[in-house]
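Each remark here refers to the structure printed beneath this line.
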Amino acid sequence: MNDRGNWRSWPVPTAVWATFLLYGAVAAPVPGVNEPHYLCKSKHFWQPAWCADDFFLASPNAHTVFYATVGGLTHLVPLDAAAWIGRSLATIVLAFGWTRCL
């Protein structure tokens, strides 16, 4: 019987998500590799006056979709909180997909 819509099917993806998030927090504390670059670039995408004289931030944008979506988040929360929110969302998607592949 398929119980994917049942509330009892959520503990396993939740446990996998918590495990992924905990491992990520221990293995690569914030800021992780390249997180400062991507987060600063996304903030600069939305606020061009922020660090306007920085050569890297003024360079052409290669990941416009990422900057357009995450950059809005940097208006609301500090950069480290944006990194945690991004990690949480990415690991939720990964855990949900991983547990549904059975």
Side-chain angles (χ1 to χ4, degrees):
M1 182 172 172
N2 186 356
D3 65 341
R4 289 187 181 193
N6 193 342
W7 67 270
R8 287 179 263 157
S9 65
W10 287 100
V12 172
T14 303
V16 171
W17 169 70
T19 303
F20 285 165
L21 195 61
L22 181 63
Y23 177 79
V26 171
V30 169
V33 175
N34 293 329
E35 277 179 340
H37 300 96
Y38 280 100
L39 290 173
C40 288
K41 203 69 170 134
S42 63
K43 184 169 184 158
H44 181 74
F45 181 84
W46 283 81
Q47 296 175 327
W50 184 74
C51 298
D53 296 332
D54 188 273
F55 179 73
F56 172 71
L57 297 179
S59 64
N61 295 325
H63 305 287
T64 307
V65 173
F66 177 81
Y67 302 145
T69 55
V70 176
L73 182 62
T74 61
H75 280 299
L76 304 172
V77 296
L79 294 177
D80 59 340
W84 279 113
I85 292 169
R87 284 183 181 198
S88 296
L89 293 175
T91 53
I92 280 175
V93 170
L94 183 62
F96 183 78
W98 208 35
T99 57
R100 294 298 180 219
C101 287
L102 299 175

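Values reported hereafter were calculated over all heavy atoms of this structure, with side chains retained and with hydrogens, waters and symmetry mates removed.
A donor-acceptor contact shorter than 3.5 Å is absent between the side chain of Lys41 and the backbone of Ala62.
Here salt bridge (charged side-chain N to carboxylate O under 4.0 Å, His left out) pairs that include residues 24-33, with residues two or more places apart or in two chains, number zero. Sorted by first and then second residue, the pairs that involve residues 84-94 and meet salt bridge (charged side-chain N to carboxylate O under 4.0 Å, His left out), not counting sequence neighbours, are Glu35-Arg87. The stretch residues 62-81 participates, sequence neighbours left out, in no salt bridge (charged side-chain N to carboxylate O under 4.0 Å, His left out) pair at all.
Atom SG of Cys51 is separated from atom NZ of Lys43 by 8.5 Å, given to the nearest 0.5 angstrom.
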Show every donor-acceptor pair shorter than 3.5 Å between a side-chain atom in residues 15-31 and any protein atom, with sequence neighbours excluded, or say none if there are none.
residue : atom : partner : partner atom : Å
Trp17   : NE1  : Ser88   : O            : 3.2
Trp17   : NE1  : Thr91   : OG1          : 3.0
Thr19   : OG1  : Ala15   : O            : 2.8

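For Cys101 against Gly97, the heavy-atom pair with the smallest separation is SG-O, 3.0 Å. Counting all heavy atoms, side chain and backbone alike, Asn61 lies closest to Thr64 at O-OG1, 3.7 Å.
Other cluster members for Leu89: Leu73, Leu76, Val77, Ile85, joined by side-chain heavy-atom distances under 4.5 Å among Ile, Leu, Val, Met, Phe, Trp and Tyr. In the hydrophobic clustering, where aliphatic and aromatic side chains (Ile, Leu, Val, Met, Phe, Trp, Tyr) are joined below 4.5 Å either directly or transitively, Leu79 groups with Tyr38, Leu39, Phe45, Trp46, Trp50, Phe56, Leu57, Phe66, Tyr67, Val70.
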